[in-house]
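See below for the structure under consideration.
A, B, ... follow the sequence lines: proteins, then strands. Residue 1 opens every chain.
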Amino acid sequence: MLDFLGNLERTNMCGELRAADSGKQVVLMGWVNRRRDHGNLIFLDLRDRTGIAQVVLDHDLIPDGHAKGEQVRPEYVVAAVGKVRLRDKDAINPKMPTGEIEIEATELRVLNDARLAPFSPSEEAIQNEEVRLKYRYIDLRRPEMQRSFKLRHDITLAIRESLSKQGFLEIETPILTKSTPEGARDFLVPSRVHSGEFYALPQSPQIFKQILMISGFDRYFQIARCFRDEDLRADRQLEFTQVDLEMSFPKQETVFGVVEQFMKAGFAAAGIDLPIPFPRITYDESMRQFGTDKPDLRLPGLIDARPAFTDDTLATLQIDPALPVVALRIPGVGELSRKEREDNHPLFDQKKGAKFIDDFKRLAKGFPEAAARVRELAGAADADFVIVVAGDPAHHIKASDTKFPGRLSEREINVYAAAGNFRAELAKKYADRHGAFKVTDEVVQNAAARGISERNGASEPIDGSKAFNPMWLIDFPMFEFDLAAAKWMPAHHPFTAPIEADMANLKSDPASVRANCYDLAMNGLELGSGSIRIHRKDVQQQIFASLGISDEEARARFGFFLDALEYGTPPHGGIALGLDRIAMLLAGASNLREVIAFPKTAKAIDLMAEAPTPVSEQQLKELHIRVAAKS
RNA sequence: GGGGACGUAGCUCAGUUGGUUAGAGCGCUGCCCUGUCACGGCAGAGGUCGCGGGUUCGAGCCCCGUCGUCCCCGCCA
């Protein structure tokens with residue numbers, strides 16, 4: 001039999017009671033985490049989002065309550081009325097924050113029962129994703145999840161406060177809108193009123209925030225939901241949240257300063273001190289050193305191994321002498337068997353026109369000096385695993401061979417990228433052996449263990465400089481050459497301004513033009529990117545022209561925006577940072593699902609809500625839509 | 001679209017070279033227990049080995065296909 005709540009009012013949360021509360025009359029409400037039945041004495045662990053408190057049901061004191069306690073099962077929802085009392089010395093549980101006290105119950109009300117769940121929130125073992133996602137409401141009850149979402153809340157709040165203090169206004173922009181210039185696939189929403197016409201969900205508030213600058217709001221921000229219909233990854237969901245901001249009259253430096261302030265505040269809310277300013281690296285340099293534009297500085301970068309090889313050696317090894325020869329080093333992996341090495345081969349992206357040498361014993365047999373020199377250049381200890389990545393002359397991929405002064409060619413980038421990707425994958429695989437990621441985990445756990453969520457960052461944050469490595473990436477190329485289309489394509493959205501000094505080369509040497517844009521990377525993740533925008537109509541037209549976007553196309557896609565540009569547009573620029581990714585890093589998670597309450601699977605399914613689904617004929621008819629057979 | 005890993009009890013997993021009736025821990029059910037806190041004790045229930053097909057005297061194990069989950073490439077900043 002279930003009880004009514006009646007006029008009971010909760011007086012305290014389960015996790016907040018301490019020895020100092022002893023003697024207090026309290027009413028606790030929550031879920032039964034565990035029940036320990038000793039016959040005439042029953043212990044209930046009562047759980048809510050703040051923690052767990054032990055409730056004692058003594059048959060001699062409350063026979064009724066004790067009888068109810070016998071019926072209670074895990075995840076039943078109960079109210080316990082009683083007195084806080086100190087436990088006997090030998091009954092104190094030092095593992096629990098509330099371990100010095102317990103509730104001597106005078107009444108127990110069973111507010112609701114619960115079916116046996118497929119897993120228990122109190123279980124330590126991590127459940128399989130399928131079950132966790134299907135029963136997300138159970139999964140979210142796990143203390144770890146509750147902690148992550150409290151953390152995300154604290155971070156978001158701190159960022160909001162910081163931006164507000166820095167003069168930014170939070171303004172909402174439409175969800176039902178028009179295709180934005182980000183370049184991903186749009187989610188389309190059919191219009192009932194306008195047959196055959198569609199809204200698009202925003203891939204970002206890009207155009208609207210620029211218009212807000214034209215509107216004179218000076219500084220705008222938004223915790224904005226964005227939608228992109230692309231395949232998912234560990235760090236990519238269909239919908240995600242950006243800390244989006246835009247400001248008038250900024251230099252790059254101005255934007256960096258604003259971001260560094262709110263990042264520092266956000267990290268402080270998680271109990272971690274993030275040193276500012278963040279270091280900077282150019283795109284080309286990042287590709288050379290890490291083979292990626294989102295470097296992870298916790299592991300050694302790529303090493304130029306070209307000096308270890310003579311031209312003859314390269315010829316024998318069938319390595320392109322004109323392309324980079326780099327070594328990557330994963331510390332502490334130890335020697336791998338032939339089988340183990342082969343198991344790693346699928347991690348290497350074959351399509352980039354690069355090859356690798358991971359069998360150093362064999363290399364040393366043919367070319368002992370080269371093998372030794374590579375390890376020396378790489379600074380490799382005995383236990384370090386070293387791989388050489390280089391250009392494959394036999395593999396002719398479609399890529400621009402053209403070398404522009406001071407810039408990397410596409411083929412060079414491909415070799416670096418193949419190495420960088422291999423490095424990242426191997427680093428993930430051998431995380432236990434090199435231990436470089438453990439530092440991060442420890443800092444995160446320390447911060448969490450010190451009860452950050454309760455304190456709201458009141459005490460000294462933990463030094464995060466070893467665990468979190470932010471890095472500004474600058475000097476991106478403005479254009480990429482698309483061989484298939486035989487034209488220059490924007491590397492960013494078409495409102496990104498070129499660096500003023502490079503504008504003279506727009507026509508003569510597009511490859512040398514740098515974009516006035518920037519990325520923020522941290523621990524192998526892209527946290528965000530932004531740019532100084534084009535604010536002059538003539539420059540915008542020039543860029544469209546060099547991108548091969550016709551006037552008609554520009555008008556059709558962004559006509560209203562081009563109009564707005566003509567009515568007094570201030571110089572402006574901004575950035576957007578992935579809030580989910582920031583929360584993920586600070587939660588010590590390696591997947592966005594851990595910090596998104598109701599995420600989708602890699603195949604874009606919501607296993608709990610069971611979306612997407614077909615819709616009724618009636619709905620389709622209203623929307624003037626007919627579904628074609630699967631092709 | 002492509003590559004890789006995984007799929008055995010509610011959960012976590014073991015299962016030898018293809019061989020009788022598929023196991024363990026946790027959880028669950030019943031009974032017992034007044035100081036446990038991952039309580040303990042006794043007893044018990046629980047399986048279409050993801051699904052379909054094939055090879056074989058015989059398949060959890062081998063082969064083909066398919067579905068699902070995860071990671072990666074493509075795609076996406």
Side-chain angles (χ1 to χ4, degrees), chain A residues 33-45 52-61 66 70 73-74 87-96 98-99 102 115-120 122-135 138 181-186 203-204 226-238 240 242 283 292-294 342-352 417-418 421-422 424-426 428-429 473 476 480 490-493 496 515 517-521 525-531 576 578 590-591 593 600-603 605 607:
Chain A
N33 196 57
R34 275 203 160 85
R35 187 181 66 119
R36 289 177 295 281
D37 187 346
H38 289 243
N40 283 328
L41 192 68
I42 296 174
F43 299 100
L44 293 183
D45 287 344
I52 289 174
Q54 172 165 283
V55 175
V56 186
L57 301 168
D58 190 331
H59 182 263
D60 296 343
L61 296 175
H66 178 269
E70 285 183 321
R73 291 293 176 270
R87 298 193 194 183
D88 290 343
K89 262 214 177 91
D90 52 353
I92 286 173
N93 184 348
K95 283 184 279 186
M96 291 172 67
T98 61
E102 63 192 2
R115 285 170 61 185
L116 176 62
F119 60 96
S120 159
S122 69
E123 268 173 70
E124 303 274 321
I126 293 166
Q127 307 302 322
N128 77 59
E129 291 276 334
E130 234 172 316
V131 181
R132 284 182 61 196
L133 289 175
K134 177 159 184 196
Y135 299 92
I138 310 285
E182 253 65 29
R185 289 188 194 88
D186 284 321
Q203 294 179 27
S204 79
C226 306
F227 307 85
R228 294 179 191 175
D229 187 7
E230 298 291 347
D231 288 349
L232 294 79
R233 290 280 190 287
D235 61 352
R236 274 160 46 186
Q237 282 270 321
L238 298 181
F240 56 99
Q242 287 189 340
Y283 168 80
T292 174
D293 58 1
K294 39 185 185 178
E342 274 174 10
D343 285 346
N344 289 333
H345 291 182
L347 300 178
F348 186 80
D349 183 6
Q350 312 277 350
K351 293 169 206 153
K352 293 242 188 280
N421 206 27
F422 208 14
E425 287 295 311
L426 292 170
K428 206 193 304 176
K429 177 162 177 179
L473 280 101
F476 283 81
E480 283 166 359
H492 322 277
H493 61 67
T496 301
C517 71
Y518 32 81
D519 275 12
L520 180 62
L525 276 185
E526 183 199 310
L527 283 192
S529 75
S531 63
S590 53
N591 194 296
R593 287 187 301 272
K600 293 180 182 55
T601 67
K603 281 235 171 75
I605 307 272
L607 288 177

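- Interface remark: the A/R73 side chain does not form any donor-acceptor pair with the B/rU29 base, using a distance-only criterion of under 3.5 Å.
- You'll find that the side chain of A/R36 is closest to B/rC39, out of B/rC39, B/rU69, B/rC71.
- Looking at heavy-atom distances under 4.0 Å, A/V131 makes contact with sugar-phosphate atoms alone, never a base.
- When distances run from any side-chain atom of A/R233 to the nucleotides B/rC37, B/rC11, B/rC75, the shortest one goes to B/rC75.
- Residue A/N421 is in sugar-phosphate contact alone, with no base atom involved, counting any heavy-atom pair closer than 4.0 Å across all strands shown.
- Taking atom NE2 of A/H493 as the reference point, atom C1' of B/rC76 lies 15 Å away to the nearest angstrom.
- Nucleic acid contact class of A/S529 (heavy atoms, under 4.0 Å, all strands): base.
- B/rC73 atom P lies 14 Å from atom CD of A/E230, rounded to whole Å.
- Within the 4.0 angstrom heavy-atom criterion, only backbone atoms of the sugar-phosphate kind lie near A/N128; the bases stay farther away.
- Atom NZ in A/K352 sits about 17 Å away from atom P in B/rG3, given to the nearest Å.
- Of the listed nucleotides (B/rC75, B/rC28, B/rG4), B/rC28 has the atom at the smallest distance from the side chain of A/L116.
- Comparing the P positions of B/rU20 and B/rG60 gives an interatomic distance of 10 Å, to the nearest angstrom.
- At the heavy-atom level, A/E102 lies under 4.0 Å from base atoms of the strands shown.
- Rounded to an integer number of Å, the gap from CZ of A/R35 to P of B/rG35 is 16 Å.
- A/R115 CZ to A/I138 CD1: the interatomic distance, rounded to the nearest 0.5 Å, is 9.5 Å.
- Applying the side chain to side chain contact (heavy atoms under 4.5 Å, CB included) rule to A/R36 yields the partners A/R34, A/H38, A/F43, A/D45, A/Q54; only residues at least two apart in sequence or on another chain are considered.
- The pairing partner recorded for B/rU69 is B/rA5, the criterion being a Watson-Crick or G-U wobble arrangement whose two distances lie under 3.5 angstrom.
- When distances run from any side-chain atom of A/A602 to the nucleotides B/rC73, B/rC70, B/rC76, the shortest one goes to B/rC70.
- With the nearest nucleotide of RNA chain B identified for both A/A234 and A/N93, A/N93 has the one nearer the 5' end.
- Looking at heavy-atom distances under 4.0 Å, A/R593 makes contact with sugar-phosphate atoms alone, never a base.
- Between the side chain of A/Q54 and the base of B/rU36 there is at least one donor-acceptor pair of N/O atoms closer than 3.5 Å.
- In this structure, B/rC49 forms no base pair with any nucleotide, since neither Watson-Crick nor G-U wobble geometry is met with both distances under 3.5 Å.
- For A/D37 against B/rC33, a side-chain-to-base donor-acceptor contact under 3.5 Å is present.
- Residue contacts shown for A/K428 are limited to sugar-phosphate atoms, with no base heavy atom under 4.0 Å away.
- Residue A/D58 holds its CG atom at 8.0 Å from CG of A/N40, rounded to the nearest 0.5 Å.
- The listed nucleotides are B/rG74, B/rC37, B/rC76; the one nearest the side chain of A/M96 is B/rC37.
- Atom CG of A/D231 is separated from atom P of B/rC72 by 12 Å (rounded to the nearest Å).
- Relative to the side chain of A/R228, the nucleotides B/rC76, B/rC71, B/rG35 differ in distance, and B/rC76 lies closest.
- Remark: the A/R34 side chain and the B/rG27 base include no donor-acceptor N/O pair separated by less than 3.5 Å.
- Here the nucleotide nearest the side chain of A/T601, chosen from B/rU69, B/rC72, B/rA38, is B/rU69.
- If you take CD1 on A/I52 and CG on A/N33, they are separated by 4.0 Å, rounding to the nearest 0.5 Å.
- As judged by a 4.0 angstrom heavy-atom cut-off over every strand, A/G99 is placed among residues making no nucleic acid contact.
- Here the side chain of A/K603 is nearest to one of B/rG35, B/rG68, B/rC28, namely B/rG68.
- Contact annotation for A/D349: backbone-only contact, meaning every heavy-atom pair under 4.0 Å involves sugar-phosphate atoms and none involves a base.
- Set against B/rG68, B/rC75, B/rG10, the side chain of A/P118 has B/rG10 as its closest nucleotide.
- A/I605 has its CD1 atom 10 Å from the P atom of B/rC70, to the nearest Å.
- Contact annotation for A/R236: base contact, defined as any heavy-atom pair under 4.0 Å involving a base atom.
- Within 3.5 Å, no donor on the side chain of A/D343 pairs with an acceptor on the base of B/rG4, nor the reverse.
- Backbone-only engagement by A/A184 is indicated by non-hydrogen atom pairs under 4.0 Å involving sugar-phosphate atoms exclusively.
- The CD-P distance, from A/E425 to B/rA5, rounds to 14 Å in whole Å.
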